[in-house]
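Note that this is a predicted model, so its numbers are computed, not measured. Sequential numbering from 1 along the given sequence is applied to the chain's residues.
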Amino acid sequence: MGYSGTVIPAIIAIYVYAHLEKLLKKFIPKSMEIFALSLVALIIMVPLTVLVIGPIGVMLGDGLGNAMNFISGESGLLAGLLIGGGWTFLVMMGIHWGVVPIMVNNLALHGYDTLRPMIAAATFASAGVALGVFLKSRNKETKGLALSSLLPALLGGITEPIVYGLSVKYKKPLIAQVIVGGLVGAFMGALQVKAIVYVFPALTTLPAFFGPTFIYYGIGITVAFFGTALLTYLLGLGEADQDLSSDSLSVALPLRGDVIPLSDVNDPVFSTLAMGNGFAIYPETGDILAPITGEVITVFPTGHAFGIRSALGTELLVHIGLNTVDLSKGTFNISVKKGDKVKKGQQIGTVNLAEIKEKNYDPTTMVIFTNGVKEQTLVVLDQSKNDITSVISKDAIERDGK
């Protein structure tokens, strides 16, 4: 059996290997682990993968193909809904190849196949994701990826760069293509749209769908493409800081309150930008929120300061209050530690603002870009939603568009 086109055997093999390795460690002496552990594990895993685990992927694919053909015969609408909406996931798992022999067999027996047009709904929906992301994103690299992956999808039916580079990464485009792909697939299946040759769905392979149902095919792929592009644009790209260009970053206020420029902070370390550029907040509530999505890179022992690094590499330091390092640990309660993953707006602790004020400390909280940002404009997008955007351009504060 050849099963190199599917990742299911690889996933299962690694899962089994992980448990096998733990088991072998109980029997192999520590002094021999460096060479014996891998050797013994491979002696067991290689034939097990070839003879047992590998064929599982093939059987899953074949079973899926047979099931789809059966459903298509019973209800084209249901089959189209399942294939148009779920094909992307089958491609991601590599078990979509199990459907190919069914399509080839249909062409040989009947001279046409009804599964391929349903799959075309998913293909053109993926292409629509690229257009939607290109129009929505403000990230130059993301726009470049979307544009460069659009043509291969439209002209060759190659959607993997879109699926892995855009849909899976931002998640909401994946939702859009599943919804539209499923609806268009149901449309194709209900009208029994036919393909007369086995091809990858693309603009260059339109002749393979010529026939009495070609008009429905044309309508379907057009709706799949532009419908997914529109829905992707409307849904957005998920996390706000993923959607911005490399010279801007959307930040949630770590403490709700009034945003003020660093130049107004009563401490030269911050007001002169010696620590880095950023902004400050005069807090009104004591709930501490993660300002960006990323990884916690430091938490001070007292809890008065912590740092987070975003997926794009931007590092933020949040410093609560001035000289508050002298306060007791009970003043700050941080529920995360170094290495933890946090999401923008997630509550990660509390601070007793009343205690800070009672002891005559300034509660002003600073948010500092610590890795090279020198100049920026801070724009309050929506104070009610606790959201601002830092755009690197000049040193100024804008409020409500003024």
How about [X]: does its [atom1] atom have over 12 heavy atoms from other parts shown lying under 6.0 Å from it?
| X | atom1 | result |
| --- | --- | --- |
| Lys338 | NZ | no |
| Tyr216 | OH | no |
| Tyr361 | OH | yes |
| Ile43 | CD1 | yes |
| Tyr164 | OH | yes |
| Leu234 | CG | yes |
| Phe214 | CZ | yes |

For a quick test of reading the model, state the closest non-hydrogen atom pair linking [X] to [Y] and the distance between them.
| X | Y | value |
| --- | --- | --- |
| Lys136 | Leu237 | CG-CG, 4.2 Å |
| Ala127 | Ala153 | CB-CB, 3.9 Å |
| Val50 | Pro55 | O-CD, 3.4 Å |
| Leu262 | Gly278 | CD1-N, 3.4 Å |
| Leu231 | Val180 | CD2-CG2, 4.0 Å |
| Pro173 | Ser167 | CB-CA, 4.2 Å |

So does Arg116 pair up with Asp113, basic N to acidic O under 4.0 Å? no
Could you tell me whether Lys341 and Glu295 make a salt bridge, using a distance below 4.0 angstrom between a side-chain N and a carboxylate O? yes
Stepwise side-chain contact (heavy atoms from CB on, under 4.5 Å) check, Asp264 with Phe270: CA-CA 9 Å; Asp264 289 354; Phe270 297 106; over 6 Å; no
In Å and rounded to the nearest 0.5 Å, what is the [atom1] to [atom2] distance from [X] to [Y]?
| X | Y | atom1 | atom2 | value |
| --- | --- | --- | --- | --- |
| Thr228 | Ile175 | OG1 | CD1 | 12.5 Å |
| Ile83 | Thr88 | CD1 | OG1 | 12.0 Å |
| Leu317 | Ile368 | CG | CD1 | 7.0 Å |
| Leu115 | Lys194 | CG | NZ | 12.0 Å |
| Tyr282 | Thr364 | OH | OG1 | 6.5 Å |
| Lys344 | Thr293 | NZ | OG1 | 7.5 Å |

Sub-4.5 Å side-chain heavy-atom contact between [X] and [Y]:
| X | Y | answer |
| --- | --- | --- |
| Tyr170 | Thr232 | no |
| Phe134 | Ser148 | no |
| His319 | Met366 | yes |
| Val168 | Met92 | yes |
| Ile260 | Phe279 | no |
| Ile320 | Leu255 | yes |
| Arg256 | Pro283 | no |
| Ile308 | Val342 | yes |

Centres of the Phe124 and Phe225 rings: under 6.0 Å? no
Examine distances only and state if a side-chain atom of [X] and a backbone atom of [Y] form a donor-acceptor pair shorter than 3.5 Å.
| X | Y | value |
| --- | --- | --- |
| Ser137 | Leu135 | no |
| Thr350 | Gly286 | no |
| Thr114 | Val193 | no |
| Ser271 | Asp267 | yes |
| Gln346 | Lys343 | yes |
| Ser126 | Ala122 | yes |
| Thr49 | Ile53 | no |
| Ser38 | Phe35 | no |

For the residue pair Thr213 and Gln192, confirm or rule out a side-chain donor-acceptor distance under 3.5 Å. no
Val367 pairs by side chain to side chain contact (heavy atoms under 4.5 Å, CB included) with which of Ile292, Ile281, Leu253? Ile281
Please assess Ile356 against Asn352 for the test side-chain contact (heavy atoms from CB on, under 4.5 Å), listing each intermediate value before the final yes or no. CA-CA 7 Å; Ile356 292 178; Asn352 190 335; 5.9 Å; no
Show, in sequence, the C-alpha distance, side-chain angles and deciding distance for Thr205 and Phe200, and conclude whether the side-chain contact (heavy atoms from CB on, under 4.5 Å) test is met. CA-CA 7 Å; Thr205 59; Phe200 281 11; 5.6 Å; no
Verify side-chain contact (heavy atoms from CB on, under 4.5 Å) between Phe306 and Phe300, making sure each step is shown before the conclusion. CA-CA 6 Å; Phe306 58 89; Phe300 283 67; 5.9 Å; no
